[in-house]
2 protein chains.
Amino acid sequence: MIGRRSGPATRAAIQRVALELFTKKGYEATSLREIADELGIQKPSLYYHFKGKEDILRALLDERGDEAEQLLEWISRQPQRPELIRAAVLRWVQSFSAEKLRGIRFLSANPLVARTFEGRTDDRIGSTLNQLIDALAGLLPDRSPAKVLQLRMALLSINAAVDAATSTPFTDEDILAAANAGAIAQIDALLATG
Amino acid sequence: MIGRRSGPATRAAIQRVALELFTKKGYEATSLREIADELGIQKPSLYYHFKGKEDILRALLDERGDEAEQLLEWISRQPQRPELIRAAVLRWVQSFSAEKLRGIRFLSANPLVARTFEGRTDDRIGSTLNQLIDALAGLLPDRSPAKVLQLRMALLSINAAVDAATSTPFTDEDILAAANAGAIAQIDALLATG
DNA sequence: GTCTATACGGTGATAGAC
DNA sequence: GTCTATCACCGTATAGAC
């Protein structure tokens, strides 16, 4: 669909369209011409706002929040007991509003692109998530690899719920509820073991 | 890496390399030249074996097994009680050997590509999985959307485990064990509700 | 801030020699 | 079965007019 534009294309508008197309068709499969068409401008006009395609992607990734850092810091201030795992995971899962699901959907649709960018720049997604896992894994009664991996799965419940809901009529509320219930079930099983 | 080849490139060899590259770099980001280089042949030689890039992808997708159909048929022959859910999900998760994780990894790395192909051809991945969900959802004590979605998450535990293990040193055995434990935890929670 | 025009490389793909 | 040569096309990117 080619949209008639009302005013000048802003960075925010470009990012909005790019996020939508990257999520629907994938980063690699989306051309700058498609983004420009959707905005009703010409392809070279995008280069006034961004250095190139990768720069648009970088801007989208930089928009992420710092919930992971905040949670990590919160954890360090709590008494280090196994029950902290449950509280922390629930805090994490519940920090995702319906609005933030857009970001999750983008990452789910473009797992390799996100992973490629993890290496460069600051990389606040992956590494902080790993620190989070490490901090919580230390509290596990049974710290075998399978258990640690299951803890990781619990933290990634939102991603799993989003993936499970693709191509279905489930609502954002359903997804958040299922992610929450799923995380609880995993954590309960992990804490019951030890 | 450019490989010296010993004999003629077979369809199987091409598929092997393609699966590896598609998984590592993504379908769109992988060029036919890269596949040819890896095999030590020239790009046009691939066209003797396959009609084109998409044909290679199709061949890979057609290689999938029919575990879903078999499980669906098995379910229909069992007494339709809530406990059947647990048995069925465990059968499903345990049908994935370390070997079959290659397929899961490919699908995880290329979610949109797989989804695009679901529409065309026979599509045995998605639709059969949906039938599986429907058959099991009918046995749920509580059939609210969030519960049905969580059932879906339980079935997709292998995918979630693979995703959770990417960029980590977890072994295939760890992944299968965590997927199994995760599925059990989800199902137990679902059955305890009603 | 957006346009037209243009250059460049790489891609999927085909024809035809061997 | 593999090659060389070649194609049209597309996406990225830049220069310069308005």
Side-chain angles (χ1 to χ4, degrees), chain A residues 1-61 109-110 112-113 116-117 120-121, chain B residues 1-61 106 109-110 112-114 116-117 120-121:
Chain A
M1 176 197 297
I2 301 179
R4 293 278 176 278
R5 72 198 157 90
S6 38
T10 63
R11 273 182 70 100
I14 294 173
Q15 289 189 40
R16 202 195 68 240
V17 170
L19 179 63
E20 178 189 328
L21 289 177
F22 289 170
T23 302
K24 186 167 62 180
K25 308 190 40 176
Y27 173 75
E28 313 271 6
T30 300
S31 69
L32 292 184
R33 197 180 58 78
E34 291 175 287
I35 298 176
D37 281 357
E38 187 74 21
L39 288 165
I41 63 176
Q42 296 296 320
K43 192 171 46 168
S45 301
L46 295 173
Y47 285 86
Y48 173 79
H49 300 280
F50 295 95
K51 272 181 280 190
K53 192 181 182 184
E54 199 174 296
D55 193 37
I56 299 179
L57 174 63
R58 190 180 302 270
L60 288 176
L61 292 176
N110 301 277
L112 294 176
V113 172
T116 300
F117 268 69
R120 335 175 196 173
T121 71
Chain B
M1 178 197 296
I2 300 180
R4 292 277 176 277
R5 71 197 159 90
S6 38
T10 63
R11 273 181 69 99
I14 294 172
Q15 289 190 39
R16 202 195 69 240
V17 170
L19 179 62
E20 178 189 329
L21 290 177
F22 288 170
T23 302
K24 186 167 61 182
K25 307 190 39 174
Y27 172 75
E28 314 271 6
T30 301
S31 69
L32 293 183
R33 195 181 59 79
E34 289 176 287
I35 298 177
D37 281 356
E38 187 73 21
L39 289 164
I41 63 177
Q42 295 296 321
K43 187 172 53 165
S45 302
L46 295 173
Y47 284 87
Y48 174 81
H49 301 279
F50 294 94
K51 272 181 282 191
K53 190 181 182 183
E54 198 174 294
D55 193 38
I56 300 179
L57 175 64
R58 190 182 300 270
L60 288 175
L61 291 176
F106 166 73
N110 300 277
L112 294 175
V113 172
T116 301
F117 267 70
R120 336 175 196 174
T121 72

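Please read all numbers here as calculations on a predicted model, not as lab measurements. Atoms considered below: every heavy atom in the structure, side chains included; atoms not considered: hydrogens, waters and symmetry mates. Proteins get letters first, then strands, A, B, ... in listed order; numbering begins at 1 in each.
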*Got a sec, which residues hit salt bridge (Lys or Arg N to Asp or Glu O under 4.0 Å) with R11(B), two or more places apart in sequence or on another chain?*
none
[X] has an atom [atom1]; how far is it from atom [atom2] of [N], in whole Å?
X: D37(A); N: dT2(C); atom1: CG; atom2: C1'; value: 15 Å
X: K51(A); N: dG11(D); atom1: NZ; atom2: P; value: 23 Å
X: E28(A); N: dT11(C); atom1: CD; atom2: C1'; value: 13 Å
X: I41(A); N: dT4(C); atom1: CD1; atom2: P; value: 12 Å
X: F50(A); N: dA13(D); atom1: CZ; atom2: P; value: 13 Å

*Terminal axis angle for the helix from dG1(C)-dC18(D) to dC18(C)-dG1(D), five pairs an end, nearest 10 degrees*: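 Computed angle between terminal axes is 10°.
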*Counting any heavy atom closer than 4.0 Å, what does T30(B) reach on the DNA or RNA strands: base, sugar-phosphate only, or nothing?*
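Result for T30(B) = sugar-phosphate.
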*Counting only non-hydrogen atoms, which of residues 42-49 of chain A are less than 4.0 Å from DNA chain D?*
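Close to the strand are K43(A), P44(A), Y47(A).
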*asked:* Tell me the closest heavy-atom pair linking G26(B) and N110(B), and the distance in Å.
replied: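 Taking every non-hydrogen atom into account, CA-OD1, 3.3 Å.
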*Could you pull out the closest heavy-atom pair between L112(B) and A109(A), with the gap in Å?*
CD1-O, 3.7 Å
*Looking at the side chain of L32(B), which of dC3(C), dT12(D), dG12(C) is the nearest nucleotide?*
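Selected nucleotide: dG12(C).
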*asked:* Please tell me if R33(B) has a side-chain N or O lying less than 4.0 Å from either OP1 or OP2 of dG10(C).
replied: no
*When rounded to the nearest 0.5 angstrom, what is the spacing between NE2 in H49(A) and CD1 in I41(A)?*
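CD1 of I41(A) is found 6.0 Å from NE2 of H49(A).
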*When rounded to the nearest 0.5 angstrom, what is the spacing between CG in L19(B) and CD1 in I14(B)?*
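Answer for the CG-CD1 pair, L19(B) versus I14(B), is 13.5 Å.
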*Listed partners of L32(B) passing side-chain contact (heavy atoms from CB on, under 4.5 Å), at least two apart*: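 Listed in chain order: I35(B), K43(B), L46(B), Y47(B), K53(B), I56(B).
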*What pairs meet the side-chain hydrogen bond (donor to acceptor under 3.5 Å, both in side chains) rule with one or both residues in residues 15-32 of chain A, with sequence neighbours excluded?*
K25(A)-E34(A), S31(A)-E34(A)
